[in-house]
Amino acid sequence: MEYQELGNSGVTVSRITFGSWAAGGWMWGGTEQNDAVGAIHASYDLGVTSIDTAPIYGQGLSEEIVGEAIKTLPRDKVQILTKFGMRWDLAKGDFAMKSKDNNGHDLDVYKYAGRASIIKECEDSLRRLGTDYIDLYQQHWPDVTTPIDETMEAVSRLIEQGKVRAAGVSNYSVAQMQEAEKTLNIVSNQVPYSMVRRDIEADVVPHCIEHKKVVLVYSPLQLGLLTGKMKPGQHFDASDLRNGHRLFTPESITRVNATLNKIRPLAETKNATLGQLVLRWTLAQPGISGALVGARNPEQAVQNARAIDLNLTFEELDYINKQLVALQSAPA
Ligand SMILES: NC(=O)c1ccc[n+]([C@@H]2O[C@H](COP(=O)([O-])OP(=O)(O)OC[C@H]3O[C@@H](n4cnc5c(N)ncnc54)[C@H](OP(=O)(O)O)[C@@H]3O)[C@@H](O)[C@H]2O)c1
C-alpha cells in the first residue's frame, strides 16, 4: 500500500481508503453486516488502514459496523475518517433532502453544522465507533444556514479536547475552503471524482496543489459503473440510488462500456481487472492523494486494495487518457 500524510497533522492515510457508505445500506438497497465487517478486515490485511464513514450512512449503522470491525484491530494502526453535518433527526425547515431509510420510511436529511449540533454529533459518532478519537473529522456538505467560522470553531474545540486529530471538509468549493481556512487549518477536501466526473480538475485540484491540501476523491468507480460489470437495462432495487440515475440509463451504460472496452485489453495484459485499472489511473492523476472506494464484500475489497500493485507507465496513462476523450465530449 501507499500512504499519504494529511498536511502535517500526523495523520497518515492509506491511498486506497475503504468507503463504508454501501456498508450502511442506505441508498444502496440494504446491507449485509457480516460481509461489510469482512470487507473491512480483508482491506486492512492488504494495508488499507483508513476507513471513511459518516453518521448519515444507514443513520448510524455504517459507523456501528466500522466500530465492530475495528474492535479486533489495533486502534493506533487504523485511521477513522468520519463526518458531521447531515442530520436526519432534526426539523430544520426547507433545506431537507428527501430520502428513505433502510426500511423504506421517509427520511428528511438536513445539511446542518451549527456549534451545538457538531458537539453532539461527535459524541454520537465516538460512541457508535467505540473509540475516543476521530482521525479526520469532515464536514459532509456545506451548510448554507450556518456561518463557516461557527462550524470551524466548533471543530477547533474538538481538536483541543483531543477528540479529533485533523479537520477536513467535503464537497467544498475553493471559496468555501478559503473561508474555512480563516478559522482553522483544513487538511483535506473530500470530493467526487472519476473517469466520468472530472470537474474538480478545473478548480479544487489546482487550489489544493498550490496550498498543499489533500484531495480525497469519492466514488472513483462511479458507484460500480467503471468496473465494466453493468449491462444496459441493469436492474437495481427501488432503494438503490443507481435506480433511475442518469449515469445508469441504458444509453449511458452503453457509452461508458464502449470506452471501457477500449482499455480492457490493457488491463488484461497487466493481469488486472478493469476496476483496478480505473483505480490506478485515478490515483495517478495530478493532485489526487487518495481514493475512497466502496465494497460490498471481501472479494470486492481485496480486488480494490490490490489496485495499488498495478504499475502504469506514462505511455499507458497517456493511452488511457486518449480513450477517455470520448467520455468527455458526450454529456455525462
Ligand atoms: N463525501 C460525500 O459526499 C461522499 C459521497 C459518496 C461517497 N463518499 C465516500 O466514498 C466512498 C466510495 O464511494 P461510493 O461507495 O459511492 O462509490 P464507488 O467506490 O465508486 O463504488 C462502490 C460500489 O461499486 C461496487 N464495487 C466496488 N468494488 C467492486 C469490485 N471490485 N467489483 C465489482 N463491483 C465493485 C459495489 O457496489 P455493487 O456491488 O452493489 O455494484 C460498491 O458498493 C463511500 O463509501 C463513502 O465513504 C462520500
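Since this is a predicted model, take the numbers as computed values, not measurements. Remember, it's 1-based here, ligands and their atoms both numbered in the order they're listed.
With a heavy-atom cut-off of 4.0 Å, K229 touches ligand 1 through its side chain alone. At a 4.0 Å heavy-atom cut-off, ligand 1 touches L223 through backbone and side chain alike. Residue-level proximity to ligand 1 for R242 is carried by the side chain, the only part with a heavy atom below 4.0 angstrom. Counting heavy atoms closer than 4.0 Å to ligand 1, residue L226 contributes nothing at all. The part of Q303 lying near ligand 1 is the side chain, judged by heavy-atom distances below 4.0 Å. Residue-level proximity to ligand 1 for D240 is absent, since no heavy atom of it falls below 4.0 angstrom.
In this structure, atom 5 (C) of ligand 1 lies nearest to the protein heavy atom Y218 CE1, 3.1 Å. Nearest protein heavy-atom contact of atom 12 (C) of ligand 1 is L292 O, 3.1 Å. Here the heavy atom of the protein found nearest to atom 1 (N) of ligand 1 is S170 OG, 2.8 Å. Taking atom 17 (O) of ligand 1 as the reference point, the nearest protein heavy-atom neighbour is S219 CA, 3.4 Å. In terms of protein heavy atoms, atom 27 (C) of ligand 1 is closest to G294 O, 3.0 Å. Taking atom 3 (O) of ligand 1 as the reference point, the nearest protein heavy-atom neighbour is N171 ND2, 2.9 Å. Counting only heavy atoms of the protein, atom 36 (C) of ligand 1 lies nearest to Q300 OE1, 3.4 Å. For atom 44 (C) of ligand 1, the nearest non-hydrogen atom of the protein is W21 CB, 3.6 Å.
No heavy atom of Q276 sits closer than 4.0 Å to any atom of ligand 1. Under a 4.0 Å heavy-atom criterion, S20 is in contact with ligand 1. Within the structure, the closest approach of E299 to ligand 1 does not fall below 4.0 Å when heavy atoms are considered. Contact annotation: F18 has no heavy atom less than 4.0 Å from any atom of ligand 1.
With rounding to the nearest 0.5 Å, the separation of OH in Y172 from CD in Q139 is 3.5 Å. Taken from NZ in K111 to CG in N171, the straight-line distance is 7.5 Å, to the nearest 0.5 Å. Here CZ of R246 is found 8.0 Å from OG of S252. Values are rounded to the nearest 0.5 Å. Note: T49 OG1 to I16 CD1 = 11.5 Å, rounded to the nearest 0.5 Å. Here D52 contributes atom CG and L136 contributes atom CG; the two are 8.0 Å apart, rounded to the nearest 0.5 Å.
Counting heavy atoms from C-beta on, the side chains of P55 and Q59 never come closer than 4.5 Å. Contact of the P220 side chain with the V293 side chain is registered, since non-hydrogen atoms from C-beta on lie closer than 4.5 Å.
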- Query: Stepwise, does the salt bridge (charged side-chain N to carboxylate O under 4.0 Å, His left out) test hold for R127 with D132?
  - Reply: CA-CA 8 Å; R127 191 188 65 252; D132 53 6; over 6 Å; no
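In the candidate list V293, V278, T227, T227 is nearest to atom 32 (N) of ligand 1, counting heavy atoms.
Annotation for I119 and A154: closest pair CD1-O, 4.1 Å, computed over non-hydrogen atoms.
Under a 3.5 Å cut-off, the side chain of Q138 and the backbone N or O of H140 do not form any donor-acceptor pair.
Atom numbering of ligand 1 starts at 1 in the shown order; those under 4.0 Å from a heavy atom of H140 are 1 (N), 2 (C), 3 (O). Counting atoms of ligand 1 from 1 in the listed order, those under 4.0 Å from a heavy atom of G224 are 21 (O), 24 (O), 25 (C).
Remark: aromatic rings of F248 and F236 are close, center separation under 6.0 Å. Checked against the 6.0 Å centroid threshold, H41 and F18 do not count as a close aromatic pair.
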